Amino acid sequence: MKSFIINRIAYALLILFFVTILVFSLARLLPGDPIQAAAMFNADLSNQEIVSELRARYGLDKPIYIQYVIWLKDFIQGDWGTSLGSGEDVLEMFFRRLPITLELFAGSVFWSLIIGLPLGVISAVKRNSWLDAILTTTSIFGVSIPVFWEGIILIYLFAVIFPILPPSGYVPFAESPIDNILSVILPTFVMGTHGAGLFARYVRSSLLEVLGQDYIRTARAKGLREKSILLVHAAKPAMIPVVTIIGLAWGYVVSGSFLVEYMFAIPGLGRMGVDAVFARDFPVIQATLVMVTVNILLVNLAVDLLYGYLDPRVRVRGNLGQ
Amino acid sequence: MSSSVFQNQSSHRISTHGVGSVLRSIFAYRISCVGFVIILMLVIMAVFAPSIAPQDPNVQDLYHVLEGPSRRHLLGTDDVGRDLLSRVIYGARVSLLVGLISTAFSAIIGVFVGLIAGYKGGITDMIIMRITDTFMCIPGLILLLVMAAALGPGIHNIIIAITLLGWTGFARIVRGQVLIIRELPYIEAAHAAGASGFRIMFKHLLPNAMAPVIIAVSMTIGGSIMLESAAAFLGLGVQPPTPSWGEALRIGYSYLEIVPLFSIAPGLMITLAVLAFNFLGDGLRDALDPRLRGEGKKVE
């Protein structure tokens, strides 16, 4: 187990290193001169001296690979630079917005599980019935519906026709707990839909697999009730492969947060990322992309370790998916 | 994934499902039929848009902006008085074009890279797989957003950006298949007969790795259409005045309370298109690859 853990962590670090190179190059590929963008509001660009001083201050006068090394070193040390747009410290911006996005993440995982798991279990238990057919189709629908369209439909239903929820905006929990919950219901539901569809489908196939095992037949032969077979004997082994889907579902939650925070005007990290792309604010873009990747790698690492812990075969086989 | 686990699952599935699996295949077949019919309708809509659309999608009528449905404009008009129905019909062109072309490029690149990685193995395989891992651990939409901004708007750049994201999935699938197939005796026989690496890859490995690729093509077209519309929704899609569903949705969203159809209609078309390709892919999966029957998206 120990070498398995070390192996997975080393792998995650390697990928993270590659990602920093990709992210850095991408941010530099953005058209438009960052200095022009940054200094539009607060400096005289016709003055060449000021421009070259600004270039030197942001290290833009050095070769690109030196810039990368400097950036990486600073980034690891917690110096994420300042936003070219607002002049704020990027690290501070990030941590101020982090709780908002984490709340959305938690909410969408809640919806994914509370909808996806029961749907999958019902489909599996009533397999090949009409109910199963309807639920399976529903889960494909859940995986296919674009986040922004679902958001528009729900806003139209619950904010325009039946005005019971706010159409957009975010209320901090400290300000008003009830308004806070109300303001995140729609965004989190929209973010969680994709995951719900994935979970439903995966739980169904995994449970069907387990229900076909010999020991389930033995349990039936012993005269155990279906309910206790399902809950006691089938549920746990069926959940093990479902763990692997968490990583995939998480990716959708994270990218969903970008669209959802944009359309619901929620001042979280997704919104910060989208705004930064529009403004060519590359310190912010780099920080967002790297932290998104760190987040995804951590979740996948946790999933791998959990899976390795639950299913010893994985540990022997080595890397997941290799 | 190891081949032994895989084979275990497959023999197990076949032995336990029996009648149920047949029933499910029939239903899955019906589902893929629905998908196929929707796709066919969308293709007809895109190809014959000029004959089907009641009006020129680009003619503005500033005296009739943001109107609800009427006899003249069945779905109403947009913010500059263009006929919404016509724009929705023409919008199929951009979505299908981006979906089909970027998936075709992704599949070609991915299949090629995956074949090489799986067949050569060793350091080549390791480098290629670490590159695909790198691309895959950044969520597609977020990477697309930055790439679209880096390349600039326009249909060509969107296709390039989506292709850059899409090939990794194909590479992984093909590589996984090749790793299983290359251990089979007939490949050894081909080696013994003196077949070249190129011949083995394209003549012997590729045809037997095609089933999951075909399934992935269908799913990837759906995914690409979704990505394109997401980029357009954020204003990074095709340039106006080209009619595009995502772009219409973006503008229509701000007028949701006045003319809900402005955003709901194009959004419905995006959903239908994505759904259709996912339905088709699902049915194809059941038909072509019994080992994957009933599973969600293939996850390793």
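What you see is a predicted model; the values in this text were computed from it and never measured. Letters A, B, ... are given to chains in the order of the sequence lines, protein chains preceding strands, and every chain is numbered from 1. Only heavy atoms go into these numbers, but all of them, side chains included; no hydrogens, no water, no symmetry mates.
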What part of B:L268 gets within 4.5 angstrom of chain A, counting heavy atoms only: side chain, backbone, both, or neither? both
If you count heavy-atom pairs within less than 4.5 Å of chain B, which of [options] leads?
options	result
A:I152, A:V19, A:I145, A:V277	A:I152
A:Y156, A:F258, A:F148	A:F148
A:L26, A:V292, A:L259	A:L259

Among side-chain atoms of A:Y11 and B:D133, is any donor-acceptor pair under 3.5 angstrom? yes
How about A:R220: does its CZ atom have over 12 heavy atoms from other parts shown lying under 6.0 Å from it? yes
Identify which of [options] forms the greatest number of heavy-atom pairs closer than 4.5 Å to chain A.
options	value
B:L249, B:L151, B:I225	B:L249
B:L236, B:L143, B:T271, B:I138	B:T271
B:A230, B:G140, B:G222	B:A230
B:A273, B:S229, B:G152	B:S229

If the plane angle is over 60° it's perpendicular, under 30° parallel, otherwise tilted; pick one for A:W250 and A:F105. perpendicular
Indicate the ring-plane relationship of B:F262 and B:Y255, choosing parallel, tilted or perpendicular according to the 30° and 60° boundaries. parallel
Rounded at 0.5 Å granularity, tell me how far [atom1] in [X] sits from [atom2] in [Y].
X	Y	atom1	atom2	value
A:L131	A:S123	CG	OG	6.5 Å
B:L261	B:L75	CG	CG	6.0 Å
A:S255	B:I142	OG	CD1	5.5 Å
B:L272	B:S95	CG	OG	11.5 Å

Identify which part of [X] has an atom lying under 4.5 Å from any heavy atom of chain B, answering side chain, backbone, both or neither.
X	answer
A:I140	both
A:V254	both
A:L22	side chain
A:I296	side chain
A:V160	side chain
A:F278	side chain
A:L211	neither

Residues B:R175, B:D125: salt bridge by 4.0 Å N-O rule: yes
Regarding A:D132 and A:R127, does a basic nitrogen lie under 4.0 Å from an acidic carboxylate oxygen? no
